[in-house]
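Input: a single structure, listed below in structure tokens.
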Number of protein chains: 2
Amino acid sequence: MPISEKQDPFKRSISHVLEIIGEGWSLLIIREAFFGVHRFEEFQSQLGIARNILTARLKKLCENQILERVPIKEGAKRHEYMLTTKGKELMPVLIALTQWGDRWIFGENSEPVIFMDKEHNEPIEKIKVLSARGIDLRPREIMVVPGPGSTPESKKRIEEMHRRLSSNGGA
Amino acid sequence: MPISEKQDPFKRSISHVLEIIGEGWSLLIIREAFFGVHRFEEFQSQLGIARNILTARLKKLCENQILERVPIKEGAKRHEYMLTTKGKELMPVLIALTQWGDRWIFGENSEPVIFMDKEHNEPIEKIKVLSARGIDLRPREIMVVPGPGSTPESKKRIEEMHRRLSSNGGA
DNA sequence: GCTAAAAGTTTTATTATAAAACTAAGTGGA
DNA sequence: TCCACTTAGTTTTATAATAAAACTTTTAGC
């Protein structure tokens, strides 16, 4: 993996996630898993991914507990790859990515797929950034502050960022 | 880019997005842009990215209209990179990724950064998948159907997926 | 006009990915 | 039980992407 901002927690906040799921095929493998694909050969034929790369990605996703290798049935030596809870909770990321693509690549009324509320059989809401009061926030209405996992350096970095944004009108 | 599922719209739905923003450093560049970084040298020093790669990524992000090259001031030949509306609308993706990392990598109370509602100075809500009725949906309560941009093949693929999931109890 | 920084290019080395052939173990049927 | 087929990989070799570092060219400030 090329991307390694070892320095401060501020930077690790996203880059560490990307080290786990940001590689080439990882998110596509996760998507297939959401859609019921669980076996090596199925991943391979659905994605057209090289088998050695698939091996490496599955291994890594398992190491990071996004997928879990489980025996096909009681005591079998052959296994399949199932999403863990950790993996399933990537759903919002996947949907947010898809909806962004629907809006900006495919266009408002040509989405290839629509996500549905299974129980009520109706499309889900667009994913939004909401305030604690339930109001839809636009990018410029959002800022960032150091969390409990911050360090002096990351605080400094956030300071710097605030200076930058305020001297700028918030681009 | 290695990932190219040219086939059906179903697959393009996410993989096409990943072709635009899924490469190595792209999302980190976009994150920096959100945080007020706009100049080549700043991106470079903040991220520690190789300069030739930065050049390539900035070029691609501009080509895809996520960033925009604008002159530093009226008529200047030197320029900076600003997020377009299209780029800014990646905010939910970035936040969803960050929040997933906060929960599953850093742990519930050691987030490096917290996203805030600027106006009210309070943390934003967690990003969720909501039904049209405003109810928080869990992964297994979500399904997918062909959209207006689907084709016979993608419909077939979705059929297949439904069979798979129903024969399986919805993993 | 001089100096330093800003924004890239170019070159070379390293690493990741792809394609295809190969292997070993499990499975299903005669 | 044995044979053929599938599954789940590994290995090898070729190709492409990325990194590091040095080099070039503007350009802003003094």
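Order of the sequence lines fixes the chain letters, A, B, ..., with proteins taken first and strands second; residue numbering starts at 1 for each chain.
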Mutual orientation of the aromatic rings belonging to B:F115 and B:F35 [parallel < 30°, tilted 30-60°, perpendicular > 60°]: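 Ring orientation, 0 to 90° scale: tilted.
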Please give, in whole Å, the distance from [N] [atom2] to [X] [atom1]?
{"X": "A:L28", "N": "C:dT17", "atom1": "CG", "atom2": "C1'", "value": "15 Å"}
{"X": "B:K59", "N": "D:dA17", "atom1": "NZ", "atom2": "P", "value": "13 Å"}
{"X": "A:L54", "N": "C:dA18", "atom1": "CG", "atom2": "C1'", "value": "13 Å"}
{"X": "A:I49", "N": "C:dA16", "atom1": "CD1", "atom2": "P", "value": "15 Å"}
{"X": "A:I72", "N": "C:dG26", "atom1": "CD1", "atom2": "C1'", "value": "10 Å"}
{"X": "A:I53", "N": "D:dT10", "atom1": "CD1", "atom2": "C1'", "value": "13 Å"}
{"X": "B:E23", "N": "D:dA17", "atom1": "CD", "atom2": "P", "value": "9 Å"}
{"X": "A:E80", "N": "C:dT27", "atom1": "CD", "atom2": "P", "value": "12 Å"}

Side-chain donor or acceptor of A:K60 paired with backbone N/O of A:I20 under 3.5 Å: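 Such a contact is absent between A:K60 side chain and A:I20 backbone.
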To the nearest 10 degrees, what angle separates the axes at the start and end of the helix from C:dG1-D:dC30 to C:dA30-D:dT1, five pairs each?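 Between the first-five-pair axis and the last-five-pair axis there is 30°.
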With B for base contact, S for sugar-phosphate-only contact and - for none (protein heavy atoms under 4.0 Å), nucleotides 21-30 of chain D reads -----BB---
Can you tell me which nucleotide in D:dT18, D:dT7, C:dA6 comes closest to the side chain of B:R57?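 So the nucleotide nearest the side chain must be D:dT18.
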Does [X] have a side-chain nitrogen or oxygen under 4.0 Å from the phosphate oxygens OP1 or OP2 of [N]?
{"X": "B:W25", "N": "D:dT18", "answer": "no"}
{"X": "B:H79", "N": "C:dG8", "answer": "yes"}
{"X": "B:Y81", "N": "C:dA6", "answer": "no"}
{"X": "A:R69", "N": "D:dG9", "answer": "yes"}

Reckon B:F43 touches a base, only the sugar-phosphate, or nothing at all at heavy-atom distances under 4.0 Å?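 Result for B:F43 = nothing.
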With the threshold set at 4.0 Å, does a side-chain nitrogen-carboxylate oxygen contact exist between A:E122 and B:R133?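 Yes.
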Full working for side-chain contact (heavy atoms from CB on, under 4.5 Å) between A:L54 and A:W25: CA-CA 8 Å; A:L54 178 56; A:W25 294 91; over 6 Å; no
Under 4.5 Å side-chain linkage, directly or through intermediates, the cluster mates of B:V145: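 ILVMFWY cluster around B:V145 also holds A:I114, A:M116, B:M143.
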Hey, does A:H79 have a side-chain heavy atom less than 4.5 Å from the side chain of A:V70?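 Counting from C-beta outward, A:V70 and A:H79 never come under 4.5 Å.
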So A:F43 and A:E32, do their side chains get closer than 4.5 Å, heavy atoms only?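 In short, these two side chains touch, coming nearer than 4.5 Å.
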Please assess B:R31 against B:L47 for the test side-chain contact (heavy atoms from CB on, under 4.5 Å), listing each intermediate value before the final yes or no. CA-CA 11 Å; B:R31 179 199 63 184; B:L47 295 171; 3.6 Å; yes
Give the C-alpha distance, both sets of side-chain angles, the deciding distance and a yes or no for salt bridge (Lys or Arg N to Asp or Glu O under 4.0 Å) between B:E141 and B:R138. CA-CA 5 Å; B:E141 297 171 319; B:R138 282 168 308 153; 3.4 Å; yes
